[in-house]
Every structure is written in structure tokens, then in C-alpha cells.
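Below is one structure, written out as C-alpha cells; the observations come after it.
Just so you know, these numbers come straight off a predicted model, no measurement behind them.
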Amino acid sequence: MTGRSTEPTSPSRRTFLRMGALAVLAVPLASACSPGFDESPDPLGPLLRAAEADAAGAKALGAEGEAVATARAAHAAALKTEVDRLNRPKPEQSGPAENPPSSVDGLKERLAQARKQAEGLVPSLPRYRAGMVASIAAGCAALQQSSEKLGRGDDAGPVEVPAGVRLGGEAAEAVQQALAAEHAAIWVYGLVSAYLPAAFGGAVSRGTAEHVKRRDVCERMLSAAGQTPTGPEAAYVPPRPVTEANSAMELVATAESDASAAWLGVLDRTDDAALRTTALNALIGSARRGTAWRAEFGAKPVAIAMPGQSV
């Protein structure tokens, strides 16, 4: 399992690969009679302002807000780069001023709002933007999962076969890669059960069941599109030997990270709103489960700022 690749790749035999896809940079071409830019407000503007305010407020809270400050600053940086790239005209008043949160309870509310706002934008944005905003939504969900004080947040929505979805060539390949990641995750959960205390049995069972459901969803989508679903390997080679509970937990977290990258790859390569929703729910689900496992073995940071992205 390595970092998210910079271009689509097929999974190598018997080896984990972090599944991903090159985010397509879609720069609209200006028509001859246009002013050369989109004059409407940038829909990412409110997300950017919220992330900047959250980062500032969390930083002011000191150690209690450190993790949120770091993650939301990363969100703000990614959003600002994209907003600046399109270089839309900046209105004198771009919206109501953002008040930075002044308490952990304030952060809790702001994270929930930011996650909901980002999730709502994913179905309609251009591809690259959809993937980036989905990753930010997953990052907010991971932050929620990381601390009881931040509210834990809602579980991800269901991963279901999208109604009426038609997989094109690149979308079908992305779903194949997601399927390969699901096969690998199922194998990982089976492996680690021998190394984890009995108290983790419920988490292992729930994780296995979710990845089995996702596998089935991928296979049904691909079969409906006339594609032959990718089968599982007989075994996989973990990046590090699994010898005890901590290394087992780390492997599960890595498998969830790989699944996040694979589903982000689906978002990067489809314009279908229903398929994007399915991929978004899978991305958020893996981000939250991965965060819970990272907390168990003491990973730093516990929550990944932008799940599925290269690190």
C-alpha cells in the first residue's frame, strides 16, 4: 500500500496498491463572445471562508483545537488554490463575515456544518472539484470521529447501486479499482482477526460486513454494464508484517485508506450524480473507520485531513 498514485493504475498481483485516479483538471474554455471568465460567485467561496475561520478559531484554542486547526488549514489551502486558479472576479462583499469558533462546542457545530455543506456540493461540481470537496467532507467526518468532544458525527450514508447509472469506460475502470480495494479490505479483516483481542470482534465484523456489501455493489454495477468484475487475489502482501495487535490495527487502517483513495478515484472519473453519492458515502465511511483504528494504535494525526488524497 503506497500513497495515492498520480495516474490510474490497475492493481498489481498480490500487492496492495492505494487505489486512486488522476484528478482531472477541468479548465473551462472561454468562448469568443465571453469575457473570458465566469462572473458568477464561486461556489467554493463559502467553504473557503468557513475553513479559514475554523482554522483560526481552533488555533486560538491551543492544544484542544490543534488537530482541527491543522486539518481545516489544509482544507483552506486546497480550496484557495482552486478558487485562485479560476480567478473569478472578487466581489466587494463576498458574503457574511465568518465568526471563528471560540470553544470546542463551537468547533463541533462548525465541523457538522462544513461537512454537510461540502457533501451537498459534490454531486454538481466539475470532476476535480467534486473529488477535492468530497475529500474535505470526509476530512470533517474523520475529525468528528476522532473525538467525543467533537460530536462523533453521523455515520456515512448507505453505499448502494445508483439508480439508472451507466458506467462509461473510465468510470467502469475506476469501479474496478474500487472493487479490487474492497476485495483487499475483506482479506485484511479476515487476517487481523487472529491478532486482535476479543473486544475488537464487533468492529471487525462490522467492517467486514460493510466491505462485503460494497464488493457486491461494485460487482452488480459492473455486471449491469457488461463488464467482468475483478476477482480477489488468493492472498495479499501487507506493507509490514502483522505480528501483534498494533500492527494488525495499522494494517486495517491502511486498508481503509486504500479504499478511500479508490472511491475518490471514482469521484474523479464520473459526472453521474448518483454514482458520486455512492462513492462519497464509501469515502466517508472508510475515512471514519480508518480514524477509529488509527486512534486505537496511537497514530498521529488520528484524523487524516483529506482522506483519499496523496500524503
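Residues forming a salt bridge (charged side-chain N to carboxylate O under 4.0 Å, His left out) with E244 (at least two apart in sequence, or on another chain): none. Judged as a side chain to side chain contact (heavy atoms under 4.5 Å, CB included), and not counting sequence neighbours, the contacts of A279 are W263, V266, L267. The side chain to side chain donor-acceptor pair (under 3.5 Å) search around S286 returns R214, E256, not counting sequence neighbours. In this structure, R220 has no side chain to side chain donor-acceptor pair (under 3.5 Å) partners at least two apart in sequence or on a different chain. For R288, the salt bridge (charged side-chain N to carboxylate O under 4.0 Å, His left out) partners two or more places apart in sequence, or in a different chain, are D155. The salt bridge (charged side-chain N to carboxylate O under 4.0 Å, His left out) check on E64 picks up K149, with sequence neighbours excluded. With sequence neighbours left out, E219 forms a salt bridge (charged side-chain N to carboxylate O under 4.0 Å, His left out) with no residue at all. With sequence neighbours excluded, no residue forms a ring-ring contact (aromatic ring centres under 6.0 Å, His included) with H75.
Between M132 and L44, some side-chain heavy-atom pair lies under the 4.5 Å cut-off.
A side-chain hydrogen bond (donor to acceptor under 3.5 Å, both in side chains) check over residues 52-62, counting only residues at least two apart or in different chains, returns the pairs D54-R72, D54-R110. Residue pairs that meet the ring pair (Phe, Tyr, Trp, His ring centres under 6.0 Å) test with at least one member in residues 103-127, sequence neighbours left out, do not exist here. Among pairs with a residue in residues 268-297, those fulfilling ring pair (Phe, Tyr, Trp, His ring centres under 6.0 Å) read F200-W293, at least two apart in sequence or across chains.
Between the S257 side chain and the A253 main chain, no donor and acceptor come within less than 3.5 Å of each other. Counting only distance, with no hydrogens or angles, the side chain of R294 and the backbone of P301 share a donor-acceptor pair below 3.5 Å. Under a 3.5 Å cut-off, the side chain of R276 and the backbone N or O of T270 do form a donor-acceptor pair. The main-chain N or O of H183 is never found under 3.5 Å from a side-chain atom of R215 such that the two would form a donor-acceptor pair. Remark: the backbone N or O of P307 is paired with a side-chain donor or acceptor of S135 at under 3.5 angstrom. Between the side chain of H211 and the backbone N or O of R206, no donor-acceptor pair lies under 3.5 Å. Listed for the E296 side chain is no donor-acceptor partner under 3.5 Å among the backbone atoms of A245.
Of all heavy-atom pairs between A248 and L196, the closest is CB-CD2, 3.9 Å.
A salt bridge is defined here as a Lys NZ or Arg NE, NH1 or NH2 lying under 4.0 Å from an Asp or Glu carboxylate O, and E82 with R85 meets this definition. Taking a cutoff of 4.0 Å between a charged side-chain nitrogen and a carboxylate oxygen, E250 and R240 qualify as a salt bridge.
Within the model, atoms CD of E109 and CD of Q113 stand 6.5 Å from one another, a figure rounded to the nearest 0.5 Å.
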Distance-only check: which donor-acceptor pairs under 3.5 Å involve side-chain atoms of residues 137-144, not counting sequence neighbours?
residue, atom, partner, partner atom, Å
Q144, OE1, R115, NH1, 2.8

